[in-house]
Amino acid sequence: QVKLLQSGAALVKPGASVKMSCKASGYTFTDYWVSWVKQSHGKSLEWIGEIYPNSGATNFNEKFKGKATLTVDKSTSTAYMELSRLTSEDSAIYYCTRDPGYWGQGVMVTVSS
Amino acid sequence: DIQMTQSPASLSASLGETVTIQCRASEDIYSGLAWYQQKPGKSPQLLIYGASSLQDGVPSRFSGSGSGTQYSLKISSMQTEDEGVYFCQQGLKYPYTFGAGTKLELK
């Protein structure tokens with residue numbers, strides 16, 4: 001069955017970067033786009049962007065350009081998202097997702113000194 | 001960006017009651033709409049895609065309808081396990097956008 005297993009919670013200092021992972025299993029990794037979604041303080045959801053593992057092609061929400069970098073490692077069926085220049089506004093839960101309706105368990109990122 | 005406006009923001013319903021949640025898009029999204037349910041501490045779960053198609057494994061008491069800019073999610077008979085927050089999402093144009101959510105509680 002399709003599974004998306006995300007890395008663990010992260011506590012990071014303001015101004016630093018964080019890289020999180022999303023390991024896919026149960027399907028051909030290169031056949032489906034992987035999206036990333038932000039959920040702040042248990043509130044609503046923001047689509048960050050997506051990556052197509054086969055080619056590395058990406059599409060981004062303009063709001064997250066320069067903030068998020070999406071990459072993949074096809075050899076391990078893992079997608080990555082790196083967030084840079086972190087501020088308190090980046091404290092949130094980040095999900096990786098794959099259509100139709102598969103979501104990872106989420107990564108809680110806390111930005112604090 | 002396409003704005004998704006959900007209503008109501010919260011509601012409470014009795015067991016067996018019919019519940020309807022509305023979602024309005026700022027422009028025509030041609031049925032490119034999904035509904036999700038999220039429970040505390042859990043990832044969102046897909047209920048409906050393509051405005052009216054029921055995701056595998058989702059109880060048949062859930063249904064979606066609508067077209068153009070107006071969509072709705074109906075729960076035909078409220079159950080205890082239906083408590084949670086419901087989100088709509090448009091998947092027609094980048095960036096994909098979500099509604100602010102509707103919190104559903106059991107009365």
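Lettering follows sequence order; numbering is per chain, from 1. Everything numeric in this text was worked out from a predicted model, so none of it was measured.
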**Item:** Between B/Ser52 and B/Ser65, a side-chain donor and acceptor under 3.5 Å
**Value:** no
**Complete:** Turns out that what part of A/Glu62 lies under 4.5 Å from chain B's heavy atoms comes down to neither
**Message:** When you compare the side chains of B/Thr97 and B/Gln90, does any donor N or O come within less than 3.5 Å of an acceptor on the partner?
**Reply:** yes
**Asked** Would you call B/Lys93 and B/Asp1 a salt bridge, using N to O less than 4.0 angstrom?
**Response** no
**Asked** Should we count NZ of B/Lys39 as having more than 12 external heavy atoms under 6.0 Å?
**Response** yes
**Item:** Under 4.5 Å from a heavy atom of chain A, the part of B/Pro40 involved
**Value:** neither
**Prompt:** In terms of heavy-atom proximity below 4.5 Å to chain A, should B/Tyr96 be classed as side chain, backbone, both, or neither?
**Reply:** both
**Asked** Taking B/Gly101, B/Gly99, B/Pro44 one by one, which has the highest count of heavy-atom pairs under 4.5 Å against chain A?
**Response** B/Pro44
**Asked** Hey, which residues of residues 20-35 of chain A are touching chain B, say heavy atoms under 4.5 Å apart?
**Response** none
**Message:** Using heavy-atom distances under 4.5 Å, tell me whether A/Asn59 contacts chain B through its side chain, its backbone, both, or neither.
**Reply:** side chain
**Message:** If you count heavy-atom pairs within less than 4.5 Å of chain B, which of A/Thr97, A/Asp99, A/Leu45 leads?
**Reply:** A/Leu45
**Message:** Once salt bridge (Lys or Arg N to Asp or Glu O under 4.0 Å) is applied, do any residues pair with A/Glu89, and if so which ones, sequence neighbours excluded?
**Reply:** none
**Asked** Is there a donor-acceptor contact under 3.5 Å linking the side chains of A/Glu46 and A/Gln39?
**Response** no
**Prompt:** Less than 6.0 Å separating the ring centroids of B/Tyr94 and A/Trp47?
**Reply:** yes
**Message:** Are the side chains of B/Leu73 and B/Ile48 in contact, using a 4.5 Å heavy-atom criterion?
**Reply:** yes
**Request:** Please find out if less than 6.0 Å separates the ring center of B/Trp35 from that of B/Tyr71.
**Result:** no
